Asks: 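Got a structure for you, questions after.
Order of the sequence lines sets the chain letters (A, B, ...), proteins ahead of strands, with each chain counted from 1. Predicted model only: the values in this text are computed from it and were never measured.
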Number of protein chains: 2
Amino acid sequence: MVWTDAQGRALTDHPRPSVAVDVAVLTVLDGGLRLLVVDGPFGRALPGTFLHPGERLADAAARALRDKAGVGDLAFHQLGLYDDPARDDRGWVLSMAHGSASPSHSLPPTAELVEIVDDRSALPLAFDHDDMVTAAVHDLRARYADDADPDALLGDRFTLLELRRVHEAIVGRPLPKDTFRRRMLTHIEGTGELVTADAGRPAELFRRIRAHPDA
Amino acid sequence: MVWTDAQGRALTDHPRPSVAVDVAVLTVLDGGLRLLVVDGPFGRALPGTFLHPGERLADAAARALRDKAGVGDLAFHQLGLYDDPARDDRGWVLSMAHGSASPSHSLPPTAELVEIVDDRSALPLAFDHDDMVTAAVHDLRARYADDADPDALLGDRFTLLELRRVHEAIVGRPLPKDTFRRRMLTHIEGTGELVTADAGRPAELFRRIRAHPDA
DNA sequence: CTAATAGTGTCTCTGAGACACTATTTG
DNA sequence: CAAATAGTGTCTCAGAGACACTATTAG
């Protein structure tokens, strides 16, 4: 049996698009957001690849990160499918944009990180990757608005100052320390441990609390 | 010049997936959420279609709604790309799920509307369409949480009772009328007009306010 | 001691929820 | 008049922001 679409054409008669995945990996460095980019024949671009036959999108995205940028084990999620037929000169290519956030020390030292300015890459990217980056930044901001550190940009344990620096980089403005502390205390819990910096009173180390208590 | 991927294969050598679009159209009827479904060879399913060569996803989704369900002129947005290689027995088919909301009176009288119970279709759907519906319901709820009527489920003018009924259907629980009124007054503005129902004091008609004042 | 950083007490403002009240219509 | 629906006054509670205060370290 051959399945046909509404126009009576067999499925296999349809020219099909190539499907790609691209991943916008964001990180926090020097108090600001940065984006992982790779250089290729089209200039600076997000790490990406074409979907292999039968492959899952998540697997393709992980493969792109590994092969193009040398990073592994990142969590990411879908942002949107970019579908302008003219978005790629090579032909009809749809690309599923993914967003990810990861601590800068987990990226290879050779990784090229460009600044995020005004929710965009400071250096222009190939294809429609600039739009993907803006979507990734907005998505990151939305997910950090109501949680402490959902993407584990910090390690298991962290001080409230470290957590606040991460949030400030993501929202792009300074946050009041007292309000921030009280707001976060519903999402994190103190270990008894103290850690001392160069000067001043030692800070307590906190850890994330599992899930939302209302879920 | 022939572009190749990281494995050195030419792009055109890749077997490519079929790409489909599916649309979860939600509406409010009799105080509850309903879903527009169509009957096909696989049973009840969301209206959908295969992407035609060079076509935009939005155009394909609009075409599916027109051809499969007889509805036009709906706004929708992307929910996610469903990519399980085994999701469709006919072969390798990726499907971009879209969500939409539209007033029930704008749907054809013959449209089949199934109830939404517990964020799912009361009747099971083909493929992975049940998952798409749940995503659409959550998306709808998120977008109505901070706005009056972003998808224009009501007409230009409406009473606060009508608006509250819509929100109650979407969040799935009754809402207190006084709090709801005060919360909505930042998103809507009163016309001077009054409208009288069967009994009781006439209600004022309101309209949506353009955009968020903080944007 | 001072400088520096961590953390708290408290006031104000705003918004949600609860509850009772007033206002305006039909019959 | 009673019934029904629209809309308001007001109290309480919770959370955000502002500001000043206390606490604990290094030197």
Side-chain angles (χ1 to χ4, degrees), chain A residues 30-31 141-149 154-155 157-209 212-215, chain B residues 30-31 141-149 154-155 157-209 212-215:
Chain A
D30 296 335
R141 199 167 289 157
R143 277 175 317 103
Y144 269 74
D146 280 321
D147 207 344
D149 187 18
L154 296 168
R157 295 173 190 178
F158 44 84
T159 66
L160 272 161
L161 177 60
E162 291 167 338
L163 183 61
R164 184 154 53 92
R165 293 290 178 239
V166 167
H167 277 252
E168 287 174 339
I170 291 173
V171 302
R173 63 183 165 85
L175 296 171
K177 78 165 185 175
D178 46 7
T179 302
F180 180 79
R181 176 189 190 87
R182 282 185 267 251
R183 185 156 55 91
M184 282 302 137
L185 281 179
T186 57
H187 303 298
I188 61 182
E189 62 186 2
T191 71
E193 305 162 77
L194 298 181
V195 65
T196 175
D198 285 349
R201 174 174 169 178
E204 187 172 6
L205 287 177
F206 291 83
R207 71 168 75 91
R208 287 172 280 275
I209 297 179
H212 285 231
D214 50 298
Chain B
D30 297 335
R141 199 166 288 158
R143 277 176 315 103
Y144 270 74
D146 279 321
D147 207 344
D149 186 19
L154 296 169
R157 295 170 191 182
F158 46 83
T159 66
L160 272 161
L161 177 59
E162 292 167 337
L163 182 61
R164 183 154 54 91
R165 294 288 178 242
V166 167
H167 276 253
E168 288 174 339
I170 291 174
V171 302
R173 63 183 164 86
L175 296 170
K177 77 165 185 175
D178 45 7
T179 302
F180 180 79
R181 177 189 189 86
R182 282 185 267 251
R183 185 154 55 92
M184 282 301 137
L185 281 178
T186 57
H187 303 297
I188 61 181
E189 63 186 2
T191 71
E193 305 163 78
L194 298 181
V195 65
T196 175
D198 283 349
R201 174 174 169 176
E204 187 171 7
L205 287 176
F206 292 82
R207 71 168 74 90
R208 286 173 279 272
I209 297 180
H212 285 231
D214 51 296

Asks: By a strict heavy-atom criterion of less than 4.0 Å, which residues belonging to residues 198-208 of chain B are in contact with DNA chain C?
Replies: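 Close to the strand are B/D198, B/G200, B/R201, B/P202.
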Asks: When rounded to the nearest 0.5 angstrom, what is the spacing between CG in A/D147 and CZ in A/R208?
Replies: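 Atom-to-atom, A/D147:CG and A/R208:CZ are 9.0 Å apart.
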Asks: At the 4.0 Å heavy-atom cut-off to chain A, mark where contacts on DNA chain C begin and end, going 5' to 3'.
Replies: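 Taking any atom under 4.0 Å from a heavy atom of chain A, the span is C/dA4 to C/dT10.
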Asks: Side chains of residues 167-176 of chain A: which donor-acceptor partners sit under 3.5 Å, not counting sequence neighbours?
Replies:
{"unit_1": "A/H167", "atom_1": "NE2", "unit_2": "A/A148", "atom_2": "O", "d": "2.6"}
{"unit_1": "A/E168", "atom_1": "OE1", "unit_2": "A/R165", "atom_2": "NH1", "d": "2.9"}
{"unit_1": "A/E168", "atom_1": "OE2", "unit_2": "A/L175", "atom_2": "N", "d": "2.9"}

Asks: B/R181: what forms a side chain to side chain donor-acceptor pair (under 3.5 Å) with it, not counting sequence neighbours?
Replies: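 Per chain and number, B/R181 pairs via side chain to side chain donor-acceptor pair (under 3.5 Å) with no residue.
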Asks: Might you point out which heavy atoms bring B/L160 and B/M184 nearest each other, and give the distance in Å?
Replies: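 Looking at all heavy atoms of both residues, the closest pair is CD2-CB, 4.2 Å.
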Asks: Please list all pairs meeting salt bridge (Lys or Arg N to Asp or Glu O under 4.0 Å) that have one or both residues in residues 185-199 of chain A, counting only residues at least two apart or in different chains.
Replies: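 Sorted pair list: A/R157-A/E193, A/E189-A/R207.
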Asks: In residues 166-182 of chain B, which residues come under 4.0 Å of DNA chain D by heavy atom?
Replies: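 Correct list: B/K177, B/D178, B/R181, B/R182.
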Asks: What pair of heavy atoms forms the shortest contact from A/V195 to A/T159, and how long is it?
Replies: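 It is CG1-CG2, 3.5 Å.
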Asks: Roughly how far apart are A/D146 CG and A/H187 NE2, rounded to 0.5 Å?
Replies: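 A/D146 CG to A/H187 NE2: 6.5 Å, rounded to 0.5 Å.
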Asks: I would like to know whether B/Y144 and B/V166 meet side chain to side chain contact (heavy atoms under 4.5 Å, CB included); could you show each step before the answer?
Replies: CA-CA 10 Å; B/Y144 270 74; B/V166 167; 4.3 Å; yes
Asks: Can you sort out the partners of B/R141 under side chain to side chain donor-acceptor pair (under 3.5 Å), two or more places apart, ordered by chain and number?
Replies: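 By the side chain to side chain donor-acceptor pair (under 3.5 Å) rule, B/R141 matches B/D119.
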Asks: Can you work out whether A/A197 or B/L194 has the more 5'-proximal nearest nucleotide on DNA chain D?
Replies: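 In this pair, the answer is B/L194.
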Asks: Would you name the heavy atoms of B/I188 and B/L163 that are closest together and state the gap between them?
Replies: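 Scanning both residues completely, I find the closest heavy atoms to be CD1-CD2, 4.3 Å.
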